[in-house]
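Heads up: the structure comes next, in structure tokens.
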Amino acid sequence: MEPGFYDRPTLEVAHDLVGCTLTHGPTAGVIVETEAYHMDEPACHAFVGLTERTAPLFGPPGRAYVYRSYGIHALFNAVTEAEGIGAAVLIRALLPIEGIEVMRQRRGRERLEDLCSGPGKLAQALAIDVDLTGSDLLRGPVVVGPRPPGWEAPEVVTGERIGITKAVELPWRFSVVGNRHVSRPWPRAQGR
DNA sequence: CATGGGATTGACT
DNA sequence: GTCAATCCCATGC
């Protein structure tokens with residue numbers, strides 16, 4: 001992506017990341033689901049302020065923030081907004097496009113829809129772990145790139161975020177309309 | 001220093 | 001639908 005892509009309001013970045021690619025080594029996928037998180041809102045880790053854990057969120061935009069969830073899974077975020085503002089976009093699901101056999105081995109699953117249809121799943125499929133936190137998403141090793149050639153801009157729906165207990169009402173989840181690779185189905189389609 | 005709660009997943013009833 | 005796994009870290013005593 002161009003420098004400056006992430007130095008924008010997090011909701012815009014979360015919307016625009018849908019349809020982009022996420023690549024790590026031989027594996028890659030098209031982002032089909034994202035969620036926005038911002039320090040002003042209590043579901044965001046940065047809500048507690050600057051700590052050792054949340055420091056990457058407050059760092060420069062365009063870096064990775066990868067943390068461990070439930071002691072088991074790694075969850076991948078792209079840090080957004082200017083340095084000093086704690087915000088990021090959680091990548092929740094991908095459509096696998098490269099390295100699918102590698103993903104199958106790493107995941108221990110065969111079906112395409114079981115490889116990257118959730119934030120913990122895609123991190124495992126792409127071998128993204130917490131040691132990659134702070135890495136540069138323009139230089140790699142984890143790279144976010146533009147839409148693949150020939151792919152049209154997807155129609156994006158918004159709705160409430162998943163799996164949180166605070167600020168549940170904010171419609172900060174974004175995904176491709178009618179895509180079966182999303183982490184969980186949509187109750188009903190909502191506005192754009 | 002002890003505690004409890006997760007931005008989840010997979011197995012099971 | 002329910003539930004356990006598993007560990008980091010923010011919080012409170």
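Here is the naming used below: chain letters follow the sequence lines, and residue numbers restart at 1 for every chain. Any value given below was found using the heavy atoms of this structure, including those in side chains, with hydrogens, waters and symmetry copies removed.
- Less than 4.0 Å separates DNA chain C from no heavy atom of any residue of residues 27-46 of chain A.
- Arg53(A) comes within contact range of the sugar-phosphate backbone alone, with a heavy-atom separation under 4.0 Å but no base atom that close.
- Distance, Ile72(A) CD1 to dC7(C) C1': 9 Å, rounded to whole Å.
- Among the heavy atoms of the strands, none lies under 4.0 Å from Arg184(A).
- Under the 3.5 Å distance criterion, with hydrogens and angles disregarded, a donor-acceptor pair is assigned to the side chains of Arg107(A) and Gln124(A).
- Using a 4.0 Å heavy-atom cutoff across all strands shown, Arg161(A) reaches no nucleic acid atom at all.
- Heavy-atom neighbours of Glu169(A) CD from other residues, nucleotides or ligands within 6.0 Å: above the threshold of 12.
- Separating the CD1 atom of Ile162(A) from the P atom of dG6(B) is a distance of 16 Å, rounded to the nearest angstrom.
- Ion pairing between Asp136(A) and Arg139(A) fails under the 4.0 Å rule for side-chain N and carboxylate O.
- dA10(C) atom C1' lies 15 Å from atom OH of Tyr67(A), rounded to whole Å.
- Residue-level contact check: Ser183(A) touches neither bases nor backbone, having no heavy atom under 4.0 Å from any strand.
- Look at OH on Tyr70(A): it is 8 Å from C1' on dA7(B), rounded to the nearest Å.
- An OP1 or OP2 oxygen of dA11(B) is reached within less than 4.0 angstrom by a side-chain nitrogen or oxygen of Arg109(A).
- As rounded to whole Å, 10 Å separates atom P of dA11(B) from atom CG of Asp114(A).
- Distances were taken from every side-chain heavy atom of Val48(A) (C-beta onward) to each of dG6(B), dT11(C), dT8(B); the shortest belongs to dT11(C).
- Residue order along DNA chain B, read from the 5' end via each residue's closest nucleotide, puts Lys166(A) first among Arg107(A) and Lys166(A).
- Nucleotide dT8(B) holds its C1' atom 16 Å from the CD1 atom of Ile91(A), rounded to whole Å.
- Grouping the Ile, Leu, Val, Met, Phe, Trp and Tyr side chains by contacts below 4.5 angstrom, directly or via other members, places Val13(A) with Val66(A).
- Secondary-structure annotation of DNA chain C gives the stems B:1-6 with C:7-12, B:8-12 with C:1-5, with a stem taken as at least 3 successive Watson-Crick or G-U pairs whose two distances both fall under 3.5 Å.
- Heavy atoms of Ile164(A) sit under 4.0 angstrom from primed sugar atoms or phosphate atoms, though from no base atom.
- Comparing dG4(B) with dA4(C), their P atoms are spaced 16 Å from each other, to the whole Å.
- A salt bridge is defined here as a Lys NZ or Arg NE, NH1 or NH2 lying under 4.0 Å from an Asp or Glu carboxylate O, and Arg8(A) with Asp16(A) meets this definition.
- The shortest side-chain heavy-atom distance between Cys116(A) and Lys121(A) does not fall under the 4.5 Å cut-off.
- The six-membered or imidazole ring of Tyr37(A) lies away from that of His45(A), with a centre-to-centre distance of 6.0 Å or more.
- Between Arg161(A) and Glu41(A) there is a salt bridge, since a side-chain N of the basic residue sits under 4.0 Å from a carboxylate O of the acidic one.
- We find the CD1-OG1 distance between Ile97(A) and Thr21(A) to be 6.0 Å, quoted to the nearest 0.5 Å.
- Contact annotation: Ser69(A) side-chain N/O to dG6(B) OP1/OP2 distance is not under 4.0 Å.
- In Arg184(A), the CZ atom is not crowded: 12 or fewer heavy atoms of neighbouring residues, nucleotides or ligands sit closer than 6.0 Å.
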